[in-house]
Number of protein chains: 2
Amino acid sequence: MQMDERKRKILRAIVQDYIATAEPIGSRTIARKFDMGVSSATIRNEMADLEDLGFIEQPYTSAGRIPSDAGYRYFVDCLMDPQVLNPEDMEIIERESTKRINELQEVIAHTSKLLSELTNLTSLVLGPHKGKSTFGKMHFLPYQPGQVIMVIVKENGVVENHIIDVGENLTAEELQQVAGVFNQKMRGYSIGQVKRSILHEIYSELSRQRLLIDNALDMLRAILDDNEDEERIHLGGTLNMLNQPEFKDLSKVKTLFKVFEENESLKKVLTPRQEGLNVTIGGENTLKEFRDCSIISATYKVNGLMIGAVGVLGPTRMDYAKVIAIVDFMTRSLTEVLTKHRR
Amino acid sequence: MQMDERKRKILRAIVQDYIATAEPIGSRTIARKFDMGVSSATIRNEMADLEDLGFIEQPYTSAGRIPSDAGYRYFVDCLMDPQVLNPEDMEIIERESTKRINELQEVIAHTSKLLSELTNLTSLVLGPHKGKSTFGKMHFLPYQPGQVIMVIVKENGVVENHIIDVGENLTAEELQQVAGVFNQKMRGYSIGQVKRSILHEIYSELSRQRLLIDNALDMLRAILDDNEDEERIHLGGTLNMLNQPEFKDLSKVKTLFKVFEENESLKKVLTPRQEGLNVTIGGENTLKEFRDCSIISATYKVNGLMIGAVGVLGPTRMDYAKVIAIVDFMTRSLTEVLTKHRR
DNA sequence: TGTTAGCACTCTCCATCGATGAGTGCTAAC
DNA sequence: GTTAGCACTCATCGATGGAGAGTGCTAACA
């Protein structure tokens with residue numbers, strides 16, 4: 001049996017109606033709502049075929065039909081009109097992205113919020129994978145007696161500042177000397193690459209500032225170590241799930257929310273299989289808790305180097321055309337903002 | 001009618017049993033479970049009295065009794081054994097608080113998480129109210145061509161760094177000169193106090209670095225302006241509410257979660273009426289959405305200056321003794337950590 | 001006077017039952 | 001290939017009617 005034009009038309013009608021109403025739809029309703037030019041009986045026959053093909057299914061005998069995962073997949077791949085994001089949403093995204101935003105962490109939180117508000121679904125944003133952080137440059141600035149501000153510039157351009165103890169009062173010259181040695185010996189190294197010989201050299205050149213060096217190295221280890229923080233996943237609009245009729249059952253909500261608390265699983269889900277846009281439908285999800293959900297995700301770049309991903313999670317019955325348009329536009333906008341920001 | 005010892009004993013039994021089981025309790029059960037030395041009929045009479053006094057109520061005719069808000073209040077004020085935090089929890093808190101934590105924001109997130117995990121309820125943490133931020137000191141450090149790192153030390157000791165454009169390449173001496181002028185003119189001032197005359201002086205002394213000054217002032221305005229971010233409320237364990245039998249009704253969950261999204265209301269709820277520990281029970285809440293909830297909150301200090309608050313939100317039926325002990329210990333620990341951290 | 005036993009009464013909870021209605025699959029006619 | 005007709009299925013909803021828990025009241029008892 002083959003798909004023909006009429007079958008496609010009927011399948012499209014079923015998917016669109018179910019996306020809108022969340023109710024199984026019957027042959028009579030299709031004939032009435034979408035004027036097919038044929039009677040309900042004919043549609044009934046076609047629907048039997050569509051069921052044989054695996055594109056639709058009945059929740060129970062003599063209910064209407066709903067799309068199966070395969071049906072959604074066919075819809076997304078072959079039937080859906082690729083939608084241009086509606087101008088209002090586009091404007092919102094662009095307006096929001098021009099706001100002054102300082103911290104990467106804030107950009108992520110902001111993106112996440114926007115995404116969930118526009119889709120009324122749950123958004124997932126994975127911060128840029130930083131790769132191995134390598135030491136770029138270090139400065140010391142005076143702070144309180146016995147403490148200094150240590151400013152670290154990593155090679156990828158990220159700047160961090162921390163306060164460390166130096167024990168005794170050191171002069172500006174002494175501090176500069178210490179920083180100079182660090183800058184000379186460690187530039188371009190990740191903390192793992194700093195061999196004992198290098199440490200040895202540092203200590204021997206700066207034998208008198210032992211406490212300062214110890215504290216600085218401690219801090220560097222913490223900073224340059226694969227910093228989980230920026231790789232953490234950010235969730236937005238988890239509560240939107242409560243508005244979806246498929247989650248009117250509390251136990252379903254709970255299992256879903258339990259997953260939300262496990263960062264590792266989420267990271268795996270969102271980590272892109274390939275660059276660009278991905279659509280994962282229902283049972284295609286590796287995570288069994290998401291077998292009733294679909295995920296639209298896309299990657300973004302910064303300087304072509306760091307790679308992160310944003311995604312939207314919703315029930316399998318979601319407005320694919322719209323969500324895809326939003327996610328697509330959002331990643332483009334995000335790439336642009338981040339590139340501008342750290343030019 | 002007066003409360004006597006037996007009435008108190010019965011009320012305590014009702015509250016404790018209801019806290020544990022979430023089921024209305026009847027006279028027969030009380031007589032059986034807690035050996036009162038009297039028959040159920042006697043307890044029945046006493047319960048009728050307690051109901052007249054307003055301490056207990058029936059959800060419906062011929063169900064058992066449950067404590068009223070007034071009943072909980074009486075329990076908390078007069079009946080409850082003040083509980084010492086159990087050693088395991090105490091150890092957890094102390095172990096966690098010794099972890100290296102750099103950012104204030106992280107301390108807050110961490111506290112919130114810990115609090116919700118220990119209580120199985122929802123935690124609220126209000127970051128320190130920073131008051132007006134005033135300018136302390138500024139430094140410039142080299143970054144990329146055309147950009148520099150601006151390090152701001154506020155008078156309260158907070159250090160921030162930001163990257164700003166300087167247009168042309170400036171020498172280290174020029175940068176130091178600019179910073180010197182800022183440090184001399186603006187020390188101790190909040191951005192609102194910087195009068196036009198001061199700006200005028202800065203511009204006239206540094207007529208050539210116009211772009212740098214403009215950008216620096218822009219950034220200072222953003223940084224010193226009442227930074228909402230650090231005053232934002234942090235929620236933890238919102239999902240714990242789903243495990244409470246009183247929220248098995250989805251619509252209740254939704255109204256509650258809606259409030260969670262309004263930071264302003266939450267801030268108001270948590271902003272302490274007085275220093276130290278506060279218990280707000282059910283209908284005592286000003287927020288009508290929280291009329292079925294109780295809040296245990298407490299304030300914490302940093303250097304006796306900044307004041308924030310932590311709180312735990314749960315159903316009216318909560319284990320007051322335990323939660324109070326946890327919140328109390330937690331604020332003490334928090335005060336200690338923060339004081340040590342920014343000594 | 002306080003305590004207890006007994007009893008009728010109330011009200012929720014739960015399972016059962018039947019009517020309703022939406023929708024299907026099949027057959028036969030067009 | 002399309003359509004009308006019809007029997008059949010199954011979820012939903014409201015009504016019904018025990019079962020069980022708990023109360024309030026009365027009367028007896030110490």
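All chains are named by letter (A, B, ...) in the order of the sequence lines, taking the proteins before the strands, and each is independently numbered beginning at 1.
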Restricting to nitrogen or oxygen on both sides, can you table the protein-nucleotides 9-13 of chain D pairs closer than 3.5 Å?
residue, atom, partner, partner atom, Å
D/dT9, O2, A/S62, OG, 2.4
D/dC10, OP1, A/T61, OG1, 3.4

Contact list (N/O, under 3.5 angstrom) for nucleotides 5-8 of chain C vs protein:
residue, atom, partner, partner atom, Å
C/dG6, O6, B/R44, NH2, 3.0

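Qualifying ring-ring contact (aromatic ring centres under 6.0 Å, His included) partners for A/F329, counting only residues two or more places apart in sequence or in other chains: none. For A/K268, there are no side-chain contact (heavy atoms from CB on, under 4.5 Å) partners at least two apart in sequence or on another chain. B/F260 is linked by a ring-ring contact (aromatic ring centres under 6.0 Å, His included) to B/F257, counting only residues two or more places apart in sequence or in another chain. The side-chain contact (heavy atoms from CB on, under 4.5 Å) check on A/E57 picks up A/I66, A/S68, with sequence neighbours excluded. In this structure A/K254 satisfies the side-chain contact (heavy atoms from CB on, under 4.5 Å) test together with B/L242, B/N243, sequence neighbours excluded. Residues passing the salt bridge (Lys or Arg N to Asp or Glu O under 4.0 Å) test with A/E261: none are found, sequence neighbours excluded.
The CG atom of A/D52 sits 14 Å away from the P atom of C/dT24 (whole-angstrom rounding). The separation between A/K7 atom NZ and D/dG1 atom C1' is 12 Å, rounded to whole Å. Nucleotide C/dA22 holds its C1' atom 11 Å from the CD atom of A/E23, rounded to whole Å. If you measure from atom CE of B/M36 to atom C1' of C/dG2, you get 17 Å, rounded to the nearest angstrom. One interatomic measurement links the two molecules: CG of B/L50 to C1' of D/dG24, which rounds to 16 Å at whole-angstrom precision. Going from atom CG of B/D4 over to atom P of C/dG2 covers 11 Å, rounded to whole Å. Spacing between atom CZ of A/R6 and atom C1' of D/dG1 amounts to 8 Å, rounded to whole angstrom units. As a whole-Å value, the separation of B/I43 CD1 from C/dT4 P is 9 Å.
Taking 4.0 angstrom as the limit, A/R28 places none of its side-chain polar atoms (N or O) nearer than this to OP1 or OP2 of D/dT3.
In this structure, a donor-acceptor pair under 3.5 Å is absent between the side chains of A/Y18 and A/R65. Side-chain N/O atoms of A/T238 and A/T122 include no donor and acceptor closer than 3.5 Å.
Among the nucleotides D/dT3, D/dG24, C/dT4, the one closest to any side-chain atom of B/Q58 is D/dG24.
Contacts of residues 10-21 of chain A with DNA chain C (heavy atom under 4.0 Å): none.
Ionic pairing of B/K113 and B/E117 is present here: one or more N-O contacts between side-chain nitrogen and carboxylate oxygen are shorter than 4.0 angstrom. In summary, B/E262 and B/K258 do not engage in a salt bridge, as defined by a charged side-chain N under 4.0 Å from a carboxylate O. Checked for salt-bridge contact, B/D77 and B/R73 meet the test: a charged N lies under 4.0 Å from a carboxylate O.
The local environment of NZ in B/K7 is crowded, with over 12 non-hydrogen atoms from other residues, nucleotides or ligands closer than 6.0 Å.
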What dot-bracket string describes DNA chain C from 5' to 3', counting Watson-Crick and G-U wobble pairs whose defining distances are under 3.5 Å, with [ ] for crossing pairs and | for pairs to another strand?
||||||||||||||||||||||||||||||
Could you pull out all donor-acceptor pairs under 3.5 Å where a side-chain atom in residues 23-32 of chain A meets a protein atom, sequence neighbours excluded?
residue, atom, partner, partner atom, Å
A/S27, OG, A/R44, NH1, 3.4

Donor-acceptor contacts, no H, no angles, side chain residues 245-252 of chain A, under 3.5 Å, sequence neighbours left out:
residue, atom, partner, partner atom, Å
A/E246, OE1, A/R317, NE, 3.1
A/E246, OE2, A/R317, NE, 3.1
A/E246, OE2, A/R317, NH2, 2.6
A/D249, OD1, A/S251, N, 3.2
A/D249, OD1, A/S251, OG, 3.4
A/D249, OD2, A/S251, OG, 3.1

